[in-house]
There are 2 protein chains.
Amino acid sequence: MPEVPPPAPTGDELLRVLSALGNPHRMRIVAALLESRNYVSALAREIGMSRPLLHMHLQRLEAAGLVVGTLELAEDGKAMKYFDVTPFFYELTPGVIARAAATLTEAEKTEAEKEEAK
Amino acid sequence: MPEVPPPAPTGDELLRVLSALGNPHRMRIVAALLESRNYVSALAREIGMSRPLLHMHLQRLEAAGLVVGTLELAEDGKAMKYFDVTPFFYELTPGVIARAAATLTEAEKTEAEKEEAK
DNA sequence: GGGTCCTGTCAGCCTTTTCTGACAGGTACG
DNA sequence: CGTACCTGTCAGAAAAGGCTGACAGGACCC
């Protein structure tokens, strides 16, 4: 098994993932898409959510790399954007969090940076 | 290996954890506490954050079970609340999210739930 | 007593996120 | 043509989260 994924996500990456998954609607979206890929309008109807709102949530999930959308042409010529769940895997432990926090770019932070800057 | 951690967190639990960790300040707090336990005021100074604000973040982390605070009496009689990081462990995969999403209580989902609960 | 630490909480502001209702475009079918 | 789907985006309202400054109490030391 050559697959030895180094569990060392960037602070920013992990932050995107966690804040993306830390939302009930988005958790449900992932669950629904895992059961069966779907396109935006149908998914919106399925989980009872307005389309613009779902669009926003999907954007957030895709930005975090948890979901991918592909624009496909149906037989009848309609353009439909199908979304699939990516096989992501993250481990959440104090160590992982600490290592990630150390690489947070998160704009001008306090003492640490200023001290270093001297 | 008797260690077979059942990765089946409740929807609500996982939601609390993810939204707690999905914040740069709180990631940093966990990182700082992992390096060395500390009490509120000192930690506030260390990471350059107002005490009431840190208090709120610690509350959120503790509610998620990622951190525990114990009120200890110092020699000089001062009451200080020391915080420690708990050895938490969560796996983040599509399947885990889906299973968790299925158990989301999602607070007051109208009276429908209460009706169902009967 | 006054000063210095520690703890906690509160009202109110400010920023971000969430959400809705419109609007835009495209292609196909009757 | 109008209708029915699909896609996207926008302004602005509503809700949630983040943050500050002030206040409360308690225990110590000078």
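Order of the sequence lines sets the chain letters (A, B, ...), proteins ahead of strands, with each chain counted from 1.
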Other cluster members, A/V68 - Ile/Leu/Val/Met/Phe/Trp/Tyr, side-chain contacts below 4.5 Å: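 ILVMFWY cluster around A/V68 holds nothing else.
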
Shared-cluster residues of B/L71, by chain and number - hydrophobic side chains joined below 4.5 Å: none

Along DNA chain D (nearest heavy atom to each residue), the more 5'-positioned of B/R60 and A/A79: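 It is A/A79, whose closest nucleotide lies nearer the 5' terminus.
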
Base C/dG21 paired with A/R51 side chain (donor-acceptor, <3.5 Å): no

Contacting residues from residues 31-49 of chain A, given that a heavy atom lies under 4.0 angstrom of DNA chain C: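 DNA chain C contact set from residues 31-49 of chain A: none.
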
Pair A/E91-A/T93, side-chain donor/acceptor within less than 3.5 Å: no

B/F83 vs B/K78, nearer the 5' end of DNA chain C by closest nucleotide: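 By nearest-heavy-atom nucleotide position, the 5'-most residue is B/K78.
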
OP1 or OP2 of C/dT9 under 4.0 Å from side-chain N/O of B/H55: yes

Phosphate OP1/OP2 of C/dT20 contacted by A/S50 side-chain N/O (<4.0 Å): yes

What's the [atom1]-[atom2] distance between [X] and [N], to the nearest Å?
{"X": "A/L18", "N": "D/dG17", "atom1": "CG", "atom2": "P", "value": "16 Å"}
{"X": "A/E72", "N": "C/dG26", "atom1": "CD", "atom2": "P", "value": "22 Å"}
{"X": "A/L54", "N": "C/dC19", "atom1": "CG", "atom2": "C1'", "value": "12 Å"}

